[in-house]
Amino acid sequence: MDTFASVLILWLAFWASSMVINARPNLQDDSVKTYDVAKFGAVGDGITDDTKAFKSAWEAACKEKREKAKIAVASGKTFLVSQIEFKGPCSSTSIIFEILGKIVAPPRSAWEKKGADEWLYFHRVDGLTLVGEGQGVIDGRGETWWKNGDTKSRPTAMRFSHCNKLQVRGLKHRNSQKNHVSINGCNSTTISDLVITAPQKSPNTDGIDISGSTDLRILDSVMETGDDCIAINGGTSNVSISNINCGPGHGISIGSLGKKGKHDEVEAINIRNCTFNRSDNGVRIKTWQGGSGFARNIKFSQIIFIEANNPVIIDQYYCPHKKCATKKSAVKVSDVGYYGLHGTTISKNATINFSCSKTVPCTNIIVEDVDIESANPNHPAKSHCTNAYGTAHALRPILDCLLK
Ligand SMILES: *[C@@H]1O[C@H](CO)[C@@H](O)[C@H](O)[C@H]1NC(C)=O
Ligand SMILES: *[C@@H]1O[C@H](CO)[C@@H](O)[C@H](O)[C@H]1NC(C)=O
Ligand SMILES: *[C@@H]1O[C@H](CO)[C@@H](O)[C@H](O)[C@H]1NC(C)=O
Ligand SMILES: *[C@@H]1O[C@H](CO)[C@@H](O)[C@H](O)[C@H]1NC(C)=O
Ligand SMILES: *[C@@H]1O[C@H](CO)[C@@H](O)[C@H](O)[C@H]1NC(C)=O
Ligand SMILES: *[C@@H]1O[C@H](CO)[C@@H](O)[C@H](O)[C@H]1NC(C)=O
């Protein structure tokens, strides 16, 4: 072997060993490709419309052949983004959408005449993770809509539909045009560490709305809104909600279900360790007359009320606007447990009000360790039930109206 050949072999051996040593970090770097919206032309001055740049970054990330792709929205900047669809399915099995800056919607005047159903719309995307690291902001500029009538349809600020393995965490959602976040037709979702804020008087600014979805966890979040903090609608099962601070807002609602004769099914809902601070309603199940289906296997535990209005409600005669006819059919409510509910109410109405259908009564309602005091000595806490069957232990106000 001549000198040249041995040097070459030595060099090759050195090169190969260095590849082995570097294999891990290299693999990691190679497996996530980052798409910064700024590289796609986003300006981030809050004035220039950055929608096209977001769309291009999304399309590139979605087509990424590597397993993971990341879209980066830098901190310290404000990106004006109009109505946009982040569309799947994607080739990458996991997309991280990192929002460290602020994304704002155009004001109402800049939307089409007829309005829209949603602003930021994620459709058919599996394995999506939205992260805000506690600093990313999504601002719907709802204040430009609320004062107007209903001439334009107000969009939901952020909607996820038909998805698997969605994660949303660490974002600040504020002043949505209508709902802040909607989850429709998704399996396996985790939402955590959100701060959702809109004024108490802002119309229909629900925190999180869920329908047609299974296996959800919502935890460690603060919601101050003008409507429901969380609403669970038909076709939803296996939801765990914990450590939520709600209020002002309309509490956590199951329903409304069975509107206009609809068949709705909701089951396996577990709501625990939540605080309702000056909320209008606390934990509520609401169904319309004339629907069908069920709301069952629902558990509320470790709930604290601070001057809440109407803390505990089952209302099978839900009818918020006009008069509704009493019908024979109703969504059946059964197997609902309330364990450890404490605090104060300012309600003039019944603190606990189970108002169930005459023809389809509520069954197996279990109430244990509930102590809710009136904050107003002129209106002592009271309870009320119609057509509700179940058992009660250790209660204030005394709930002696449950049927055996
Ligand atoms: C969610 O699961 C249901 C039941 O397994 C299935 O029918 C549906 O297609 C799934 N949804 C998605 C978006 O994959
Ligand atoms: C309910 O959802 C959780 C995820 O949130 C999942 O781990 C669990 O297996 C599901 N339970 C059932 C009975 O499907
Ligand atoms: C209950 O929720 C609060 C936040 O709302 C949290 O600080 C606390 O650790 C939670 N407790 C349990 C037992 O999960
Ligand atoms: C309840 O809300 C009020 C203001 O709305 C706030 O001052 C108070 O600290 C809150 N209480 C708790 C326990 O979070
Ligand atoms: C009492 O309940 C009725 C019917 O649900 C409702 O319209 C009214 O606003 C409630 N009053 C208070 C003080 O919450
Ligand atoms: C209980 O709720 C029903 C249905 O909303 C309402 O009509 C009734 O006035 C309430 N009763 C009391 C005592 O609050």
Side-chain angles (χ1 to χ4, degrees), residues 62 85-90 93-95 121-129 159-169 174 181-202 205 207-208 210-226 229-230 232-252 254 264-282 296-299 302-309 311 335 341-347 372-373 375:
C62 183
E85 180 174 350
F86 300 106
K87 203 171 175 173
C90 295
T93 51
S94 150
I95 298 184
Y121 183 32
F122 293 87
H123 187 54
R124 294 198 182 280
V125 183
D126 289 345
L128 174 68
T129 303
R159 186 193 303 282
F160 302 92
S161 85
H162 297 91
C163 63
N164 290 293
K165 299 195 175 139
L166 168 68
Q167 292 185 50
V168 183
R169 61 172 181 264
R174 55 172 81 127
V181 177
S182 284
I183 315 274
N184 316 118
C186 290
N187 297 331
S188 189
T189 299
T190 304
I191 298 181
S192 61
D193 304 289
L194 298 191
V195 176
I196 301 181
T197 44
Q200 184 169 11
K201 290 221 148 55
S202 56
T205 51
I208 301 175
I210 304 157
S211 70
S213 298
T214 64
D215 304 350
L216 294 99
R217 295 196 312 143
I218 302 178
L219 58 155
D220 302 334
S221 297
V222 176
M223 305 183 190
E224 300 172 6
T225 73
C229 289
I230 300 174
I232 298 169
N233 288 296
T236 303
S237 64
N238 189 21
V239 182
S240 156
I241 295 174
S242 60
N243 309 1
I244 304 293
N245 251 310
C246 166
H250 294 186
I252 294 181
I254 300 192
D264 277 326
E265 298 183 353
V266 169
E267 67 184 325
I269 312 293
N270 190 345
I271 296 167
R272 88 185 141 78
N273 191 31
C274 295
T275 300
F276 295 88
N277 187 353
R278 302 183 191 191
S279 63
D280 214 335
N281 312 313
R296 67 188 181 200
N297 190 6
I298 297 163
K299 185 175 164 188
Q302 297 167 252
I303 306 286
I304 293 171
F305 298 107
I306 302 165
E307 297 182 359
N309 210 352
D335 304 293
L341 278 58
H342 300 267
T344 57
T345 177
I346 51 161
S347 196
I372 305 168
E373 268 183 85

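Below, all heavy atoms of this structure are taken into account, side chains as well, without hydrogens, waters or symmetry copies. We count ligands from 1, going down the list as the structure has it; atoms in each ligand are counted the same way. Computed from a predicted structure; not experimentally measured.
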Contact residues of ligand 2 with a heavy-atom cut-off of under 4.0 Å? D215, R217, N238

Side chains of D215 and N238: is there a donor and an acceptor less than 3.5 Å apart? yes

Under 4.0 Å from one or more heavy atoms of N164, ligand 1 contributes atoms 12 (C), 13 (C), 14 (O)

Those atoms of ligand 4 less than 4.0 Å from some heavy atom in N277: 1 (C), 2 (O), 3 (C), 8 (C), 10 (C), 11 (N), 12 (C), 14 (O)

Between the main-chain N or O of T214 and the side-chain N or O of S237, is there a donor-acceptor pair closer than 3.5 Å? no

Ligand 4 versus I306, non-hydrogen atoms closer than 4.0 Å: side chain, backbone, both, neither? side chain

If we ignore hydrogens and angles and just use 3.5 Å, is the side chain of S202 paired with the main-chain N or O of Q200 as donor and acceptor? no

Test your reading of the model: is there a side-chain donor-acceptor pair from D126 to the backbone of N164, 3.5 Å cut-off? yes

Using heavy atoms and a threshold below 4.0 Å, how should the contact between C163 and ligand 1 be classified: side chain, backbone, both, or neither? backbone

Under a 4.0 angstrom heavy-atom cut-off, which atoms of ligand 1 come close to G185? 13 (C)

Keeping the roles fixed (side chain from T345, backbone from A308), state whether a donor-acceptor pair exists under 3.5 Å. yes

Could you tell me whether the SG atom of C274 lies less than 2.5 angstrom from the SG atom of C246? no

Residue that, paired with F160, satisfies side chain to side chain contact (heavy atoms under 4.5 Å, CB included) out of N184, I183, T189, I191: I183

Side-chain H-bond candidate by donor/acceptor type, D220 with N243, under 3.5 Å: yes

